[in-house]
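Inspection log for the structure reproduced underneath, given as structure tokens.
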Amino acid sequence: MCGIVAYIGFRDAWPIVINGLKRLEYRGYDSTGIAIINQVGFSIYKKIGKVSSLEAFTETEDKSGHVAIGHTRWATHGAPSDVNSHPHTSNDNRLHIIHNGIIENYATLKEELINRGHRFKSETDTEVLIHLIEEIQNIEQTDLMEAVRLALNTVIGAYAIVILDRENPGQLVAARKGSPLVIGVGKGEYFIASDATPIIAYTKNVIYLKDNEIALIKRDELLVGYSGEVDQ
Ligand code: GLU
């Protein structure tokens, strides 16, 4: 199992995410990546290897900013590599996803998306999911949370996901089914992680998302709903 750490609030997001990913190292992983809303607008850093390799790689980069998503990957689809590391990005470079788990029907979805003009950079199942969310949002003209909900109803598999929209950086969307996801509630800030260990230093107020729940997370607002039908 790999790890997810994300933050939205008023603190520097980078150290929270990088230190949180280190706390999840015990889960095992092969690569690391972080996307952050910063002074230049947006940056994404991905590196095969340890969290410390990503730290060395980004030593002189702009790591300021108060919204970030971070991931340690345990490769299931596509070999461990910089390109296959998360976050993965939509066709229009707007949406970014981190994902724990497996999208079982990714091959069929990928073929359909390619036929409709999508171009993929990685070999992962995860990249297919973010392209699908983008396509649904464009066709249905919905907000991101609804597009994620609709996309999750067409995928088969297990997931904990967090999505960042660089054109709407004041919110994150998270969802889970079959993989754990925890939200730490602060005052004017939220922490999201695969388990509570990266969060407990900041807040004792944690919510464990249930299967089929989807969350819209803003600095000062949390909305949780169902992403689809509950399994019988
Ligand atoms: N299936 C995804 C991949 O291979 C996510 C694996 C994970 O849980 O780290 O990239």
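Computed over heavy atoms, backbone and side chain alike; hydrogens, waters and symmetry mates excluded. Order of listing sets the numbers, starting from 1, for every ligand and every atom in it.
Under a 4.0 Å criterion applied to the non-hydrogen atoms of C2, ligand 1 contributes the atoms 7 (C), 8 (O), 9 (O). Which parts of ligand 1 touch W74 is read off a 4.0 Å heavy-atom cut-off, strictly below it: atoms 6 (C), 7 (C), 9 (O). For ligand 1, the atoms sitting less than 4.0 Å from at least one non-hydrogen atom of N100 are 8 (O), numbered in the order shown with element in parentheses. Set against the non-hydrogen atoms of H99, the atoms of ligand 1 under 4.0 Å away are 5 (C), 7 (C), 8 (O).
At a 4.0 Å heavy-atom cut-off, ligand 1 touches T76 through backbone and side chain alike.
Taking 4.0 Å as the cut-off between side-chain N and carboxylate O, R149 and E146 count as a salt-bridged pair. With respect to the salt-bridge test (charged N to carboxylate O, under 4.0 angstrom), the residues K46 and D82 do not qualify. Salt bridge status for E127 with K121: absent, with no side-chain N to carboxylate O gap under 4.0 Å.
Remark: of the listed residues I34, I98, I97, I98 is the sole one forming a side chain to side chain contact (heavy atoms under 4.5 Å, CB included) with P87.
Heavy atoms of G101 come nearer than 4.0 angstrom to ligand 1 in at least one pair. Put simply, no part of H88 is less than 4.0 Å from ligand 1, judged by heavy atoms.
Note: an N/O pair closer than 3.5 Å links H86 and ligand 1 by distance alone.
For atom 2 (C) of ligand 1, the candidate residues are D30, D125, T124, N84; the nearest heavy-atom contact is made by D125.
When only modelled atom types and interatomic distance are considered, E213 and Y226 share no side-chain donor-acceptor pair under 3.5 Å.
Stacking of K50 on the aromatic ring of Y29 is recorded, both the 6.0 Å distance cut-off and the 45° axial limit being met.
The ring of F42 has its center closer than 6.0 angstrom to the ring center of H96.
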